[in-house]
Amino acid sequence: MSEPTKEQKIWQVVALIPPGSVASYGQVADMAGLGRQARFVGRALGKLPSGHSIPWYRVIRSSGQIAFPQGSEAYETQVFRLREEGVEVLNGRVSMKRFQWRP
DNA sequence: ACTTTGACGGCGT
DNA sequence: TACGCCGCCAAAG
């Protein structure tokens with residue numbers, strides 16, 4: 001085994017987000033030591049291997065918006081899982097004020 | 001080696 | 001509050 005890849009670091013950080021809270025792509029990038037690589041976080045989550053247990057749905061935009069287009073399957077899944085943990089989602093958005101993860 | 005892409009962010013209008 | 005524009009930068013093609 002060698003050094004963890006950047007993608008693995010990202011997954012590692014996402015796995016730390018506790019149930020009932022959310023984090024932005026930018027916040028995850030920063031915590032993974034990737035600076036302003038918010039966009040890379042999205043790409044990395046898209047590559048999650050099947051069978052994983054990474055809470056990808058706890059990652060949203062800094063604005064509180066769900067990153068997928070409303071109505072898409074991924075969007076519906078994300079909203080469902082968030083509500084399941086007690087996170088309120090109204091019109092595709094979460095109140096960062098109330099649910100953002102603060103390490 | 002070069003160009004395009006992307007589950008973003010921040011600021012201005 | 002809601003768009004649009006531009007900046008970011010590693011990975012894909």
_Counting Watson-Crick and G-U wobble pairs with both distances under 3.5 Å, what is the dot-bracket string for DNA chain C, 5' to 3', using [ ] for crossing pairs and | for pairs to another strand?_
.||||||.|||||
_Base versus backbone protein contacts along nucleotides 6-13 of chain B [heavy-atom cut-off under 4.0 Å; B, S, -]_ = BBBSS---
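Taking A/E7 as the reference, A/K47 meet the side-chain hydrogen bond (donor to acceptor under 3.5 Å, both in side chains) condition, with sequence neighbours excluded. Remark: A/E88 pairs with A/R98 by the side-chain hydrogen bond (donor to acceptor under 3.5 Å, both in side chains) rule, at least two apart or across chains.
Atom P of nucleotide C/dC9 and atom CD of A/E7 are separated by 18 Å, given to the nearest angstrom. Per the geometry, CG belonging to A/L90 stands 14 Å off P belonging to C/dT1, to the nearest Å.
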Could you give the side-chain donor-acceptor pairs of residues 64-71 of chain A under 3.5 Å, partners two or more places apart or in another chain?
from  : atom 1 : to    : atom 2 : distance (Å)
A/Q65 : NE2    : A/G92 : O      : 3.4
A/Q70 : NE2    : A/Y75 : OH     : 3.3

Without placing hydrogens or testing angles, list every side-chain donor-acceptor pair under 3.5 Å for residues 23-34 of chain A, not counting sequence neighbours.
from  : atom 1 : to     : atom 2 : distance (Å)
A/S24 : OG     : A/Q27  : N      : 3.0
A/Q27 : OE1    : A/S24  : N      : 3.4
A/Q27 : NE2    : A/W101 : O      : 3.0

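To the nearest 0.5 Å, atoms CZ (A/F40) and CG (A/L45) are separated by 10.0 Å. To the nearest 0.5 angstrom, A/Q78 atom CD is 7.5 Å from A/I60 atom CD1.
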_A/R83/A/V89 under side chain to side chain contact (heavy atoms under 4.5 Å, CB included): CA gap, chis, key distance, verdict_ = CA-CA 7 Å; A/R83 287 179 170 160; A/V89 185; 4.0 Å; yes
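A donor-acceptor distance shorter than 3.5 angstrom exists from the side chain of A/R58 to the backbone of A/I17, with no hydrogens or angles considered.
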